[in-house]
Each structure stands twice: as structure tokens, then as C-alpha cells.
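This report refers to the structure that appears directly beneath it.
Keep in mind it's a predicted model, so treat the numbers as computed, not measured.
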Protein chains: 2
Amino acid sequence: MSQKEITIYDIAEKLAISAATVSRALQNHPAVNAKTKKRIVDLANELGYQSNKFASNLRKQKTHTIGVIVPRLNSAFMSTVLSGIEKVANNAGYNLIISQSFETHDKEAQNAQTMFNNRVDALVISLAYDTKDYKHLNSFIKKKIPIIFFDRVADKIDATKVLIDNFKAGYQATEHLIQQGCKEILHITGNLSRNVYNDRFEGYKKALEDNGIKYDQKLLICNDLSEKAIEDCLKNDVLKRTKLPDGLFITSDPSAAYALTILKEAGVKVPQDMAIIGFNNDLISRVCEPAISTINYPGNQMGETIARILINHLNGESDINYMNTVILKTDLIVRNSSLKKK
Amino acid sequence: MSQKEITIYDIAEKLAISAATVSRALQNHPAVNAKTKKRIVDLANELGYQSNKFASNLRKQKTHTIGVIVPRLNSAFMSTVLSGIEKVANNAGYNLIISQSFETHDKEAQNAQTMFNNRVDALVISLAYDTKDYKHLNSFIKKKIPIIFFDRVADKIDATKVLIDNFKAGYQATEHLIQQGCKEILHITGNLSRNVYNDRFEGYKKALEDNGIKYDQKLLICNDLSEKAIEDCLKNDVLKRTKLPDGLFITSDPSAAYALTILKEAGVKVPQDMAIIGFNNDLISRVCEPAISTINYPGNQMGETIARILINHLNGESDINYMNTVILKTDLIVRNSSLKKK
DNA sequence: TTGTAGGCGTTATCAC
DNA sequence: GTGATAACGCCTACAA
């Protein structure tokens, strides 16, 4: 199938020198005569020589590859994070192997295994919905391959985490709705066994409590935040209630936008009947009518931060083990969907 | 840094057999005694043995890795395609190395080089805005490494392409606006040197022509479709014109949504004053008010198709060289943003 | 400044 | 069924 590869030996032979010198020249090793080097580099270009990473990696025990496992590739937030990671990593000469867990532990474990076999220099991971134990990461820990968790992190594991203050964000969002006069705030969110959703929920509860509102379990809906789930819980549950909530804190912008559409269809006025606040500050929140209030979540910056920490560590410029948790800043963004008072 | 690796030799030694047998057992080679195999597999698990892909790849000259180069990671469309590719590829035991060209030829070439050095088994690529020559892909062609272009394809190169009928889609979109009574249809789109935008533009022109409307160059705006560009061209140009166009065909949904927001802000009534149609059928087009008409572009299916073609080829089940172009089906989706007549 | 030689971990070929 | 052995292409002590 493939043509004969051109190797450093071919170059060495044609130039009647040793492969070692060729290898050195191609790596810009200082101890090599400038002229010899030029001859080597020129010939390499002429022959279209391409270094074989496998041989090199095999030899050097380093791959310049970072593995990334995410629940799903196709969300605005995730692709922003990935874009940030890729940018920094690529500039530093690192490659990215990306795979999706599709929100299941098994696929996540399987992907981790593959990453491990591929000897990634580091692993970046945002956990699946149903991941509860972290055995599948043990091989990395044993071999001291750095792991960075982001967004959906593992509480019980002692590793570097990059995330936002979900409690605070949840608190802020809820508090804002309360300040706008909401008394019964519906909270639609994801699986509470994941830190992101749990912390936001705790923030929600605390904000209620601090404002003298009793938490009502009927106002909590957990699902996978898919369009189907949103449609289902609104049409078959919320909209059928005798008393409609007057506020909605829903933890993703696409879901918020979709919920808004359904509510409007059903004749609910936003924000008058129900004030809405989302999460993430995706473009989608800005183009709805009314525009949706949200929490700004800097995905791109998160990605860049992750990559930078990793690369500094891999280059030995800093030690990841001293950096336990990085919290990125979020902001409350108020738009018309939640402005009952003007 | 890393602990000692466990190799097939370690296993062989402990079991007092040869490494060759261990290797065979671990690959399910038929010619190995069931009992020996069990002993080997058990010990391998116990020791936490992990096959070293580099050594294996080096030896087998095959990497089970597919390189993917896209203009940008962070678009709804792109992440859907990637998600599709990843799903199929991963199930078939292939890994994905993904990188972004950030719409520049240079980065694209550099990424292609890296992919090549990593000896990817195949390359999947959607071209950058300013890529005009394809020298950077020559090494792949020479070595007969399959390349699949998708979405933004190269006309001049003889390779497999997966795309939609952009001409037809552009025609349909425009025709629809005309049928709704539009006479002056603004077309906001990307760089016309890219097939996707050029073909849609040609479709647009042809639809005008077929309906007796003269093409007016003032109604064509090309930019990078970023929020900034959209805002700029609308506020500083279109909205200042003495006569506003009565239709808008804009070739991406996020841009359409953003344009809609700006137009509404400026007091333009949609669809009465201006009918709008976008492209892609992203969620964003559905949650706007009015919901935006668009062309359904099956990104996920495109991704899966790409991966499937590639994998069939790599497995020798079919030959990619006989498959030149795959055109996926698109549909016109009519929503309120373009419905002048009811 | 350059060359020699050994090994990174796996797999394929050949014997037995 | 199993074992020796020779690559795969590169890198790096060490020697010259």
C-alpha cells in the first residue's frame, strides 16, 4: 500500500554520513557542523523526508499528544472549550486526540483505555452523566500521567480541576430572579450527581433560603436537558399545573431558548408570567425574543487555561501537582427574559 | 518520570514462554493453545499490561488514526459533523486527531504536515477560507493516504468529496423568497472562492434569472459571517440604504439569527419588511422570533458518511478511489421568517 | 564534530 | 503450537 518510507538512513547513505548525524541535524542539535546540517536539511526536503513519530515516540517515551474525553462534541460550550485547548496545545506542538463518552461510563472507560494505550502525555476529561467511580483512570494515576478535569469534575479524586464556581453562579441566577419579584422559581437542570448541576442547585436553594423562600421539591426537575426532555417536562407537567411558576432557572442556554419557545407557544408571557434565566451565554441566548438572561461561562478561556497548565507541566516549567483547582470567573448577564422590573 | 512499562516480555518471562506467543495470544491469533492463552490474558490483566501502540504501529505501519482538519471547531455545524465522524470511527477502533486551521492556509498546511508525520491512516479535511493551492496535501497523495474533503471541498483535486448540492440549495432558498414576493433579495455570504459559498451564490443568481429578476451586484455582500462582520455590514451599509431589500438569504443560521436581532432592533419587520432565510438548520434558527426558514444540512449524517467510507476503504471492503463524490440530501425548511403570504 | 551500537515494544517469518 | 529472530525508524550514550 504505502510507498517506501524515506528514513534518516536513506539520507545518511546518500550523503555518506551516519544516521546519527542526520538525526541530530534534523533536531537542530547544536553539535553539528553548519554545512553538514544544511546539506542534510536540503536533501531531506528534496526527498520529502518525514520523521516517523512512532519510532520517535517509541524511543523517547513521549508522544506530544493530549487525550481529551468529553461527554458530547456537539454542544456550543464544548466546542468552545475544545477550540481553546486545541489552539494552545497546537501552538505548543501538541496534538489532540478527542473522543466522546456519549454520557456513559462504559464508553468513557473504553476511551480512557484507548488514550492510555496511545500513551497520551496527559488526559483532559469532563465526566459523563453516569460516571460514579474512577477506576478507569487508575492506570493514568499509577503512571503519573497528569489528568485535568474540567467542568464536570470528580470530587473524590485528588487531581487538578478547572471549573467555575457553580454554587455562586446558581446563587446569583436565583437571587436575580428573586430580586425581580419571583416567588416560585422552577429549576430545570441535569443529573444532580454531577458537581456542575448539584452545585448550581445548592446555590439555588441557598439563595431561596437567604431570601426567606421555602424550597419546594416540586419546583425541581432533573433530566438530560435534551430538547425532548425539555419539551416533555414542560408540556406534560409544568404547563398542566394549576399554578405556574413565576420564574425559571434552567442550566443551559440551548434548553432555555427551547423552553422559551415552548412557553411562548403556550401563551406564557416572558418575563411577565415567567422570568427566565439560562446558563453559558451562548449566542443562542442573545437572539431569542426576549433575549435570555444567563451566566457567562468562558469556555474558550477555560480551554486555553487547561492547555496552558498542562503544557507548562509537561515542559517542566511548573508542577501540576501543586495546582489543585482553578476557578474561572463567571458573570451574571441580565437581559429581558428576566426583567420584570425596569 | 514514568514507571517501568509492563511489556510482553515481562509476561513471557513470568510464564516461561516466548514473547511471540504472548503477542499472539493478546491478538487472538488462532494458532495458540486455549489454556496458554488464558494464562497469558489473565496475567496480562493482573499486571495491568497495556499494549504499546507505538511499537505496534511502528511495526504494522498502520496507526488506526484518522486526522481531521477543520476551519474552526466551535460552530454548531462543525461539531455535529465531528460528532458523527467520531462516533463511527471510534466504534470501528479508530482514533481521531483533530486540529483547526483557523481559516488560514498556513495553519492548515502545518496541521497537515503534523498529521502526516503522525502517519494518520487517512485525512479528512474541510478547507480554510484562503486555501488556494493544495501542495500541502501532496505528501498524502504520493503515499496514497486517502483524503476525504467535506463541505468546503477542492474542485481541482481528484479526491473523494462529501458535500451537499449547494447550487440547488441556494436556488431553492432564493426561489422560495421570490415565491413569497421578494423582488430585491440581499445575499450575505462567505468567501466566493470557496465552493460552498460560490455554488450557493450561483444558485441564487440562477433563481433570480429564472424568475426574471436582474442580478444586482449591490445586493451581494461577502464577508466572514462573523457576528462582527454581520453587524458591520448591516448597520453601516444595508440599514443606511434608501431602499431596503425585501428579502435576505444569508448562508449560516447563527448569522441569520444575529442579523434578525439587529434588524428587529432597527425596527425592520420580519418577514413583512424583509423576509429571511438562513442555512444549516441549527437549533438557533428555531428559537428565534420569528423562527428562521433555512436549509436543512445533515451534519451528523455527513460525519457518519465520511467515517464509514473511510473505514470501509481502510478495511479493504471497498475502494475509495471509485467513489468520487457523495452528495447528501438537503431540504428547504419554511418557517415564519420568510412567510409573507400565508 | 561525527560514528558506533544498542534498544524502545511489537509483530511477522521462519523454523521446529 | 511455540520459539528465535529480525525488522519497524529513531534517538542517545559513549567512543573516537
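- A 4.5 Å side-chain heavy-atom check between B:L96 and A:I98 finds every atom pair outside the cut-off.
- In the set D:dC8, D:dT5, D:dC10, the nucleotide with an atom closest to the side chain of B:A20 is D:dT5.
- When each of A:S23 and B:V32 is assigned the nucleotide of DNA chain D bearing its nearest heavy atom, the one mapping closer to the 5' terminus is B:V32.
- For the pair B:R119 and B:R59, both in contact range of DNA chain D, the more 5′-proximal nearest nucleotide belongs to B:R59.
- One can place CZ of B:F116 at 12 Å from P of D:dG9, the figure rounded to the nearest angstrom.
- Each of A:K37 and B:K60 was assigned the nucleotide of DNA chain C with the nearest heavy atom; the assignment lying further toward the 5' end belongs to A:K37.
- For B:L15 and D:dG1, the CG to C1' distance is 15 Å, given to the nearest whole Å.
- Here B:Q61 reaches the OP1 or OP2 of D:dG9: one of its side-chain N or O atoms lies under 4.0 Å away.
- Not one N or O on the side chain of A:S56 forms a donor-acceptor pair closer than 3.5 Å with the backbone of A:N52.
- Distance CD1 (B:I11) to P (D:dG3): 14 Å, rounded to an integer number of Å.
- Between B:T21 and D:dG1, a side-chain N or O to OP1/OP2 separation shorter than 4.0 Å is absent.
- Spacing between atom CD of B:Q27 and atom C1' of C:dA12 amounts to 10 Å, rounded to whole angstrom units.
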Side chain to side chain contact (heavy atoms under 4.5 Å, CB included) between A:D106 and A:Q110, worked out | CA-CA 6 Å; A:D106 291 355; A:Q110 186 192 318; 6.0 Å; no
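- With rounding to whole Å, B:H29 atom NE2 is found 13 Å from D:dG3 atom P.
- Residue A:S51 has no polar side-chain atom (N or O) positioned under 4.0 Å from OP1 or OP2 of D:dC10.
- Using a 4.0 Å cut-off, some side-chain N or O of B:S56 falls inside it from OP1 or OP2 of C:dT11.
- Using a 4.0 Å heavy-atom criterion, one finds that A:Y9 contacts the bases of the nucleic acid, with or without backbone contacts as well.
- Checking D:dA7, C:dT2, D:dG9 against every side-chain atom of A:N33, the shortest atom distance belongs to C:dT2.
- Residue-level contact check: B:T7 touches the backbone only, with heavy atoms under 4.0 Å from sugar-phosphate atoms and none from bases.
- Checking C:dT2, D:dC10, D:dG3 against the side-chain heavy atoms of A:A31 singles out C:dT2 as nearest.
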Starting from the C-alpha separation in whole Å, work towards a yes-or-no answer on salt bridge (charged side-chain N to carboxylate O under 4.0 Å, His left out) for B:R152 and B:E103.
-> CA-CA 11 Å; B:R152 309 239 209 113; B:E103 301 284 13; 2.8 Å; yes
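- Taking atom CG on A:D10 and atom C1' on D:dC10, their separation rounds to 13 Å, with Å as the unit.
- Using modelled atom types, no side-chain atom of A:N111 and backbone atom of A:V68 make a donor-acceptor pair closer than 3.5 Å.
- Across the protein-nucleic acid pair, B:N52 atom CG and D:dC8 atom P stand 18 Å apart, rounded to whole Å.
- Side chains of A:L73 and B:E86 form a contact here, defined as non-hydrogen atoms less than 4.5 Å apart.
- When the nucleotides D:dC10, C:dA12, C:dT2 are ranked by their closest atom to the side chain of A:R24, C:dT2 comes out on top.
- We find that CG of B:L58 is positioned 8 Å from C1' of D:dC10, with the value rounded to whole Å.
- For the pair A:S18 and C:dT4, the criterion of a side-chain N or O lying under 4.0 Å from OP1 or OP2 is not met.
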